[in-house]
Amino acid sequence: MSEELNKTKNGYSADNITVLEGLEAVRMRPAMYIGDVNTRGLHHLVYEVVDNSIDEALAGYCTKINVSILEDNSIRVEDNGRGIPVDMHEKEGRSALEVVMTILHAGGKFDKGSYKVSGGLHGVGVSCVNALSTLMKVSVFRDGKEYEQEYSKGIPTYSVREVGDSSKTGTTTQFKPDGSIFTVLEYNYETLCTRLRELAFLNKGLELSITDYRVKNEDGSYLSERFLSEHGLKDFIEYLDGNREKLMPEPIYIEGQKQDIPIEVAMQYNTTFSENIHSYVNNINTHEGGTHLSGFRRGLTRTLKSYADKSGMLEKLKFEITGDDFREGLTAVISVKVQEPQFEGQTKTKLGNNEVMGAVDQIVSELLTNYLEENPKEAKQIVNKVILAATARHAARKARELVQRQTVLGVAGLPGKLADCSDADPQKCELFLVEGDSAGGTAKQGRNREYQAILPLRGKILNVEKAMPHRVLDSEEIKNIYTALGVSIGTAEDSKALNMEKLRYHKVVIMTDADVDGSHIATLILTFFFRYMRELIESGYVYIATPPLYLVKKGKQERYCWTEEERQKYQEEFGESGVSVQRYKGLGEMSETQLWETTMNPESRTFRQVDIENASEADRVFSMLMGDEVPPRREFIEKNATYANIDA
Ligand code: 0RA
């Protein structure tokens, strides 16, 4: 027990007991505080610490934040802010620094009502990160001095001490996540880059950098990147839409303050058919939208509608224009900073504050009206785009009505190619989307027909990124997928609304060959789910099967291998002579028993669950993978391909 915790006569003061109980609670139920104890939670620790530095930047005192991944997967976050105060905290009877680092929700004690707006995972504060770290060290530079304190599992190992003189100001926090809590301890450089890049766009002028001390470049320097955005959300839009054909030379940019709420919006129309709106509150992505998003939609619809009416361009149109039509091919980012945000919804990512709706609506209406008046050429292009969208939607509705009528009349039924399972409980049932009829046949033989259904897909499905919505609905293979699932992919109001309660399988498994074509097909299917059935992914129902690449055999011994390294290892464990290696080029080369054992049997298979860690990045990557530009796609594939070596 540390000296700090033994300073009262009976060993513990009431305050200390509170601290211990707080830390204990976090360690007992970490997932309640940080979401989960897997990769996601591990990375959230970093975001939590960075958020504190972002707050200091929002207060106007910090311009640089640097994140380092150290060799042992410890994390160091440095900022050049004022430094966390180290003086005695009157009420708590200990250093303010120690209070911040050890007491749950301590953040608010300093900054309530002043400037603290940035996110945090659940606003739990850095003390949670501390509680979940075997080691944490904070160095504070202020008042011409350097101070420090260290902790183990959240408990100080010594009182705040002065280290020496220093002319700089700032805070440096270093921590090592606890291996007895987290299932994964390895940090992913790209994941952290994506969040830091996003933060740079959301906080223009703030410099964020990252260095990975585990990886050296060819010139001996460490892998590192620096993110600094001069134009904020405008740059964000350029980044997101880099691979799409734009309708106007520059994004529309709206910035201002209404009712003390800072509001920033950037938007751009492109020639695609999807709507990509990303909304943020205090730098947190509000996946479920909320009042700021509603305000934006209202302002946008009303302003464009009124402009289009006045322009006379709608006169020849024989049907009504709906809100959806104004958002087809629109990429937009909305960011608001709210003092006391109320988060609602299933994942607590829906803004509830009512006052924000009017504020965003007003500012969007005002500034967009100005833009349309000042840029008649762009304005006309937007209205034309809206008319095109309305026309396509009209056609799509007719196609959909036909499908629905067929369903009612029982004409459509389940797709003929579907080998369904016998159990009717969606929770138990799995649907395998299999590349090709031949592999489909093997899978049918190998499966457990009680709860595993097979739908063979003929080669490449339609690239939905490039097709009009009514063509998507009409495409044979896509129709097979959504009718097998039992859901329709749209209603007249919202082309993305799913009737999930009808979903027939709670595991939808993409099973393709382990080669370039196979991953292309998997990407096409994922793109379709992402654009038209996002809820399926968000609910955690989408999986990717991982068939093995090799079978290494010697006599009666057999090993399946999923990587090149595994193959080498087993070839050497088995000894070189008399070893045979079978390379599976496709699912069809496996016997039904092999396919069952390696890829389909719940006892032995490995599925990768698909999730959307970062919606804006997922959106960008899909537009790039499925778009027209070749160089960025090639670069992405070279960086991420697992199969490149064996197909070469
Ligand atoms: C409250 C007050 C003051 C600084 C901070 C918080 C602060 C916290 C963090 C966390 C990471 N980096 C930080 N930098 C600053 C300063 C009050 C003052 O100096 O008057």
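As the structure lists them, so they are numbered: ligands from 1, and atoms in each ligand from 1.
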Scan the side chains in residues 166-176 for donor-acceptor partners under 3.5 Å anywhere in the protein, sequence neighbours excluded, and list what turns up.
{"unit_1": "S166", "atom_1": "OG", "unit_2": "K168", "atom_2": "N", "d": "3.4"}
{"unit_1": "T169", "atom_1": "OG1", "unit_2": "G81", "atom_2": "O", "d": "2.7"}
{"unit_1": "T171", "atom_1": "OG1", "unit_2": "I84", "atom_2": "N", "d": "3.2"}
{"unit_1": "K176", "atom_1": "NZ", "unit_2": "D72", "atom_2": "O", "d": "2.8"}

message = Under 4.0 Å from a heavy atom of T171: which atoms of ligand 1 are those, numbered in the order shown and with their elements?
response = 12 (N), 13 (C), 14 (N)
message = Under the rule for side-chain contact (heavy atoms from CB on, under 4.5 Å), what residues qualify as partners of A200, not counting sequence neighbours?
response = L208, F227
request  = Validate the cation-pi geometry between R197 and F201: distance from NZ or CZ to the six-membered ring centre under 6.0 Å, angle to the ring axis within 45°.
outcome  = no
task = Can you label the angle between the Y222 ring and the Y213 ring as parallel, tilted or perpendicular, going by 30° and 60°?
result = tilted
ask   = Are any of the N/O atoms in D79 less than 3.5 Å from those in ligand 1?
value = yes
query = Which bit of P85 gets closer than 4.0 Å to ligand 1, counting heavy atoms only: side chain, backbone, both or neither?
reply = side chain
